[in-house]
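Input: a single structure, listed below in structure tokens.
In this text, all values refer to a predicted model and were calculated from it rather than measured experimentally.
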Amino acid sequence: QVQLGESGGGAVQAGGSLRLSCAASGYDTGRYCMAWFRQAPGKEREGVVTIDTDGSTSHADSVKGRFTASKDNAENTLFLQMNGLKTEDTAMYYCAAAAALFRAGYCYTGSSPYNYWGQGTQVTISS
């Protein structure tokens with residue numbers, strides 16, 4: 001049974017940093033695409049960053065230069081380092097994992113292709 005568990009969220013002031021973690025059990029983080037998504041109240045879930053099997057990443061324009069995703073396959077853990085946080089980054093952050101290779105050959109940025117989801121961790125940024 002696959003389980004994803006996020007941690008590391010919290011409340012910080014604008015300009016601060018947080019490091020999110022996503023521990024995977026029953027899942028090989030090196031096998032398929034994984035991703036971080038976020039959802040703010042009243043808004044749709046949006047992709048933040050995808051991370052491919054080789055560790056390559058693709059970031060949303062809104063977080064480029066501020067957020068960095070990485071993973072430790074030996075520990076089956078995904079990370080999201082968030083620097084220069086802004087009030088608009090306030091959201092519930094979720095990690096997600098695919099159950100198979102994507103046909104396109106790259107990691108999709110939409111949420112529907114991902115099969116496994118964590119419960120989320122809240123990030124709140126104050127001005």
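- Listed by chain and number, the residues in a side chain to side chain contact (heavy atoms under 4.5 Å, CB included) with Tyr27 are Val2, Ala24, Thr29, Tyr32, Met34, Ala97, Tyr116 (sequence neighbours excluded).
- Scanning all heavy atoms of the two residues, the minimum distance from Val123 to Gly9 falls at CG2-CA, 4.2 Å.
- Taking Gln119 as the reference, Glu6 meet the side chain to side chain contact (heavy atoms under 4.5 Å, CB included) condition, with sequence neighbours excluded.
- For Glu44, the CD atom counts as loosely surrounded, since its 6.0 Å shell holds 12 or fewer non-hydrogen atoms of other residues, nucleotides or ligands.
- Here Ala14 pairs with Ile125 under the side chain to side chain contact (heavy atoms under 4.5 Å, CB included) rule; sequence neighbours left out.
- Across Ala60 and Gly47, no two heavy atoms sit closer than the pair CB-O, 3.5 Å.
- Listed here is the closest heavy atom pair of Val63 and Val48: CG2-O, 3.7 Å.
- In this structure, Arg45 CZ and Ser112 OG are separated by 11.5 Å, a value rounded to the nearest 0.5 Å.
- With sequence neighbours excluded, the residues forming a side-chain hydrogen bond (donor to acceptor under 3.5 Å, both in side chains) with Gln122 are Thr124, listed by chain and number.
- Here the side chains of Gln81 and Ser17 are in contact, with some heavy-atom distance below 4.5 Å.
- Of all the heavy atoms in Thr53 and Asn73, the pair that sits closest is O-ND2, 4.5 Å.
- A disulfide bond (SG atoms under 2.5 Å apart) check over residues 37-100, counting only residues at least two apart or in different chains, returns the pairs Cys22-Cys95.
- Listed by chain and residue number, nothing satisfies the salt bridge (Lys or Arg N to Asp or Glu O under 4.0 Å) test with Lys86 (two or more places apart in sequence, or in another chain).
- To the nearest 0.5 Å, atom CG of residue Asn76 and atom OG of residue Ser25 are 8.5 Å apart.
- Legend: residues meeting side-chain hydrogen bond (donor to acceptor under 3.5 Å, both in side chains) with Thr87, ordered by chain and number and at least two apart, are absent.
- Side-chain N or O atoms of Asn115 include one that pairs as donor or acceptor with a backbone N or O of Ala99 at under 3.5 Å.
- Residue pairs meeting the ring pair (Phe, Tyr, Trp, His ring centres under 6.0 Å) criterion with at least one partner in residues 56-93, sequence neighbours excluded, are absent.
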(Q) One pair to check against side chain to side chain donor-acceptor pair (under 3.5 Å): Asp72 and Thr77. What are the steps and the verdict? (A) CA-CA 5 Å; Asp72 183 337; Thr77 303; over 6 Å; no

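- Within the structure, disulfide bond (SG atoms under 2.5 Å apart) contacts touching residues 28-57 (residues at least two apart or in different chains) are Cys33-Cys107.
- Under the rule for a salt bridge (Lys or Arg N to Asp or Glu O under 4.0 Å), Asp54 has no partner lying at least two apart in sequence or in another chain.
- Within the structure, salt bridge (charged side-chain N to carboxylate O under 4.0 Å, His left out) contacts touching residues 29-41 (residues at least two apart or in different chains) are Arg38-Glu46, Arg38-Asp89.
- To the nearest 0.5 Å, atoms OG (Ser7) and CZ (Arg19) are separated by 10.0 Å.
- Within the hydrophobic cluster formed by Ile, Leu, Val, Met, Phe, Trp and Tyr side chains joined at under 4.5 Å, directly or through other members, Met92 is accompanied by Phe37, Tyr94, Phe102, Tyr106, Tyr108, Tyr114, Trp117.
- Taking CG of Asp52 as the start and OG1 of Thr57 as the end, the distance is 9.5 Å to the nearest 0.5 Å.
- Taking OG of Ser70 as the reference point, atom CG of Leu78 lies at 7.0 Å (rounded to 0.5 Å).
- From Met82, atom CE reaches atom CG of Leu18 across 4.5 Å, with rounding to the nearest 0.5 Å.
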